Chemist: 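This is the structure, below, for whatever I ask next.
Hydrogens, waters and symmetry mates are skipped; everything else that's a heavy atom, side chains included, is used. Computed from a prediction, not measured in an experiment: that's the story for all the values here. We name chains A, B, ... by the order of the sequence lines, and we start the count at 1 in each one.
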Protein chains: 2
Amino acid sequence: MGCTVNDIARAAGVSRSTVLRALSGKPDISTETRDRIRELAATMKYRPNYIARSLTQGKTNLVGVITKPSLYYASHLVIESVEQGLLEGGYSTLLFISGPEREAEEQVVERLLKNRVDGVIAVPGAMTAPATYHELVETGVKLVILDGIIDELPAPQITGDNYKAGRIAAEHLIRLGHRKIAYLGIPTISTVGRDRARGVQEAFSAAGIPFEENFLEVAFNESAAEKRTAEILNAANRPTAILARHDIIARGVLRAIYAAGLKVPDDISVVGSGNILGSDMFRVPLTTINFPAKEMADQCVAKLLRLLAGDSLPSDITMLDVQLVLRASTGPPPKGL
Amino acid sequence: MGCTVNDIARAAGVSRSTVLRALSGKPDISTETRDRIRELAATMKYRPNYIARSLTQGKTNLVGVITKPSLYYASHLVIESVEQGLLEGGYSTLLFISGPEREAEEQVVERLLKNRVDGVIAVPGAMTAPATYHELVETGVKLVILDGIIDELPAPQITGDNYKAGRIAAEHLIRLGHRKIAYLGIPTISTVGRDRARGVQEAFSAAGIPFEENFLEVAFNESAAEKRTAEILNAANRPTAILARHDIIARGVLRAIYAAGLKVPDDISVVGSGNILGSDMFRVPLTTINFPAKEMADQCVAKLLRLLAGDSLPSDITMLDVQLVLRASTGPPPKGL
DNA sequence: TTGAAAGCGATACCAT
DNA sequence: ATGGTATCGCTTTCAA
């Protein structure tokens with residue numbers, strides 16, 4: 001298998017130490033022996049064993065990345081940006097996907113700890129006990145939270161402005177004249193859900209629209225959204241607009257609307273969230289909220305690399321701006337409503 | 001930081017060996033000391049150092065996964081399936097994304113080797129020297145190739161049937177009556193490109209349609225496809241159908257067609273490939289070719305796990321079936337053409 | 001300029 | 001049933 005420093009030392013007839021000096025480019029070695037050893041190492045295809053190195057240096061140059069399945073989240077954007085940034089910073093990515101039907105985050109964190117990762121970037125799930133992340137920090141692992149907020153966590157956190165996302169989506173519909181708006185929303189047990197709901201609620205109450213009765217929770221998948229929407233459409237006094245927690249939900253909403261023979265936005269308006277790939281090419285291009293996923297990921301990596309370099313950073317929350325992406329799925333409510 | 005076996009031994013007043021026996025659940029230890037040590041380990045939050053363990057066992061339980069940016073490929077599906085499968089098999093995923101504007105695969109492989117991964121799953125890029133993968137195998141790393149073919153590589157390979165993909169897409173258009181079809185295709189230097197082109201070519205020649213003059217290469221991005229399509233539409237004797245190498249390319253094609261004020265499929269038909277998320281919700285739902293990404297990934301993991309378990313597998317090519325997904329973007333050519 | 005030795009944390013094997 | 005010791009491959013420190 002891979003040859004070791006000892007093999008080279010033996011082959012060169014020198015000691016381990018000399019080989020190390022030659023390969024690491026340190027002084028205190030004659031140019032000739034250095035070149036000779038380097039050449040030998042190359043022909044013998046010597047590759048330093050990072051595992052062994054990690055052991056002596058107490059540093060693995062590994063960063064754990066925990067994220068969710070892309071069904072629920074634009075993970076691919078995050079994963080790609082993060083992996084690239086970490087690699088450029090000299091770290092390799094140990095990836096874990098955690099989600100409802102996947103290994104729980106607690107388990108994943110335990111694994112990362114055993115693998116002695118130097119740092120972790122985590123996109124927290126809605127259900128994760130904050131203690132999990134506190135554990136990481138206490139163990140001395142550098143941590144940055146991406147796209148979520150863990151209360152009182154002594155670590156930098158980066159998130160999109162969920163409050164604003166809810167507010168501007170709702171305000172957009174209100175400005176168009178809608179008064180009866182259904183919000184297919186996120187459970188408010190998560191910070192994301194709370195902030196989003198608060199944004200919607202404040203926009204509603206500013207316009208005198210009741211919130212509670214218009215807030216409906218749906219499971220996070222397209223077909224659940226489709227079924228729920230069908231019910232909504234059948235109900236008396238149906239809404240003139242639907243505000244979906246995510247573009248994936250909006251897909252289900254649109255399906256149900258088309259199936260009912262209604263037109264978007266003439267009969268009913270739809271707003272999504274996330275600006276997923278393809279949302280601009282929908283049969284009716286979707287009005288949605290854009291989250292700067294790549295920028296969030298980049299800032300996250302930048303912070304982690306600074307922490308890993310030994311800098312100390314404030315454990316603050318960085319909230320990045322979101323924008324309304326105005327497309328064709330929203331318009332004024334139908335006349336007479 | 002993390003406490004070690006030695007710390008526990010000292011705290012318990014026993015030797016390292018005894019601690020190990022207690023924790024590993026081996027025999028030759030009294031129940032009382034075992035329980036006492038286990039309890040102690042729990043309160044001291046002992047976590048075995050996998051790095052150190054790897055060193056003694058010559059096995060890291062790490063698998064390197066090399067894939068491409070999702071812009072070019074449905075990487076997220078692959079990544080998720082693979083990560084899950086590996087985790088269930090007891091391995092963690094060391095992820096690397098390699099692509100045109102990313103670190104080259106040669107570099108990535110070198111890194112994986114230094115990290116002493118036990119196995120590798122690689123989605124090969126079009127430009128990678130086969131030697132890179134041979135190196136892996138020679139070094140004793142278990143390897144399975146996913147969604148690509150490296151000639152003469154002594155490792156199992158899994159791919160979609162690219163020949164069939166090209167053939168059935170072309171045949172579908174021919175059956176509808178098209179005779180002038182532009183193929184916005186893949187460079188034929190890759191095996192994928194060769195197979196795909198061969199499929200299209202055979203369908204064409206069976207129908208007496210010339211291939212060379214209808215084969216156009218485009219850079220793999222939406223706007224390049226849009227520009228190229230605009231040129232195609234402006235040319236004299238424009239095609240009645242466009243066969244795109246990928247749904248992403250098809251997006252650009254559709255944009256250009258809409259911009260030219262033409263209708264799909266009335267004026268021109270479009271076939272994509274890949275069945276990406278959202279292609280079913282396009283303004284005109286896209287007829288495309290479905291590749292069983294998840295199944296490919298699953299089979300890939302299954303094979304790698306067997307290799308890692310010590311089984312020897314034939315170095316064959318597993319080709320999974322692809323299907324035409326018939327949607328609304330294809331129809332008969334306009335009358336008189 | 002070069003070599004020797006200790007140690008990182010866990011493990012396997014031999015000795016008691 | 002328990003303890004001691006060598007080893008994995010590399011790094012660091014001290015000695016020659």
Chemist: Reading DNA chain D 5' to 3', which nucleotide is the first, and which the last, to come under 4.0 Å of any heavy atom in chain B?
Modeler: D:dA1 to D:dG9
Chemist: With sequence neighbours left out, write down each residue that passes salt bridge (Lys or Arg N to Asp or Glu O under 4.0 Å) with A:D195, or none if nothing qualifies.
Modeler: A:R198
Chemist: Distance check, rounded to the nearest 0.5 Å: A:I145 atom CD1 versus A:L304 atom CG?
Modeler: 11.0 Å
Chemist: Please list, chain by chain and in numerical order, all residues satisfying salt bridge (Lys or Arg N to Asp or Glu O under 4.0 Å) with B:K59, sequence neighbours excluded.
Modeler: B:D118
Chemist: Measuring to OP1 and OP2 of C:dC8, would you say a side-chain N or O of B:T4 lies under 4.0 angstrom away?
Modeler: no
Chemist: Starting at CG of B:D7 and ending at C1' of C:dC8, how long is that distance when rounded to a whole Å?
Modeler: 12 Å
Chemist: Just jot down the salt bridge (Lys or Arg N to Asp or Glu O under 4.0 Å) partners of A:E295, sequence neighbours excluded, or say none.
Modeler: none
Chemist: Between the protein and nucleotides 12-16 of chain C, are there any N/O to N/O pairs under 3.5 Å, and if so, what are the atom names and distances?
Modeler:
unit_1, atom_1, unit_2, atom_2, d
C:dA12, OP2, B:K26, NZ, 3.4

Chemist: Between CG of B:D311 and CG of B:L305, what distance do you get to the nearest 0.5 Å?
Modeler: 10.5 Å
Chemist: Would you kindly give the CZ-to-C1' distance between A:R116 and C:dA10, to the nearest whole Å?
Modeler: 11 Å
Chemist: Taking side chain to side chain contact (heavy atoms under 4.5 Å, CB included) as the definition, give me every residue that meets it alongside A:T191, ordered by chain and number, with sequence neighbours left out.
Modeler: A:I149, A:D151, A:R194
Chemist: Can you measure A:R34 atom CZ to C:dT1 atom P for me and round it to whole angstrom units?
Modeler: 11 Å
Chemist: Within this structure, what is the CG-to-P distance between A:D35 and C:dT1, rounded to whole angstrom?
Modeler: 14 Å
Chemist: Return the set of residues passing side chain to side chain contact (heavy atoms under 4.5 Å, CB included) with B:A104 (not counting sequence neighbours), or none when no residue passes.
Modeler: B:E106, B:Q107
Chemist: Just jot down the salt bridge (Lys or Arg N to Asp or Glu O under 4.0 Å) partners of B:D298, sequence neighbours excluded, or say none.
Modeler: B:K294
Chemist: Classify A:I29 by what it touches in the nucleic acid, base, sugar-phosphate, or nothing, heavy-atom distance under 4.0 Å.
Modeler: sugar-phosphate
Chemist: Under 3.5 Å, which donor-acceptor pairs link side chains of residues 41-48 of chain B to any protein atom two or more places apart or in another chain?
Modeler:
unit_1, atom_1, unit_2, atom_2, d
B:T43, OG1, B:E39, O, 3.4
B:T43, OG1, B:L40, O, 2.9
B:K45, NZ, A:E135, OE2, 3.3
B:R47, NH1, A:E110, OE1, 3.1
B:R47, NH1, A:E110, OE2, 2.8
B:R47, NH2, A:E135, OE2, 3.3

Chemist: How bent is the helix from C:dT1-D:dA16 to C:dT16-D:dA1, measuring the angle between the end axes built from five pairs each, rounded to 10°?
Modeler: 50°
Chemist: Just call it for A:T33: base, sugar-phosphate, or nothing, with non-hydrogen atoms closer than 4.0 Å on any strand.
Modeler: sugar-phosphate
Chemist: May I ask you to evaluate whether B:Y46 reaches the phosphate of C:dA10, defined as a side-chain N or O under 4.0 Å from OP1 or OP2?
Modeler: yes
Chemist: Is there any ring-ring contact (aromatic ring centres under 6.0 Å, His included) pair reaching into residues 76-122 of chain B, and which pairs are they, with sequence neighbours excluded?
Modeler: A:H76-B:H76
Chemist: B:D28 near the nucleic acid: base, sugar-phosphate alone, or nothing, with a heavy-atom cut-off under 4.0 Å?
Modeler: base
Chemist: Please give, in whole Å, the distance from C:dC8 P to A:N49 CG?
Modeler: 18 Å
Chemist: Does B:T31 have any side chain to side chain contact (heavy atoms under 4.5 Å, CB included) partners at least two apart in sequence or in another chain, and if so, which?
Modeler: B:R34, B:D35
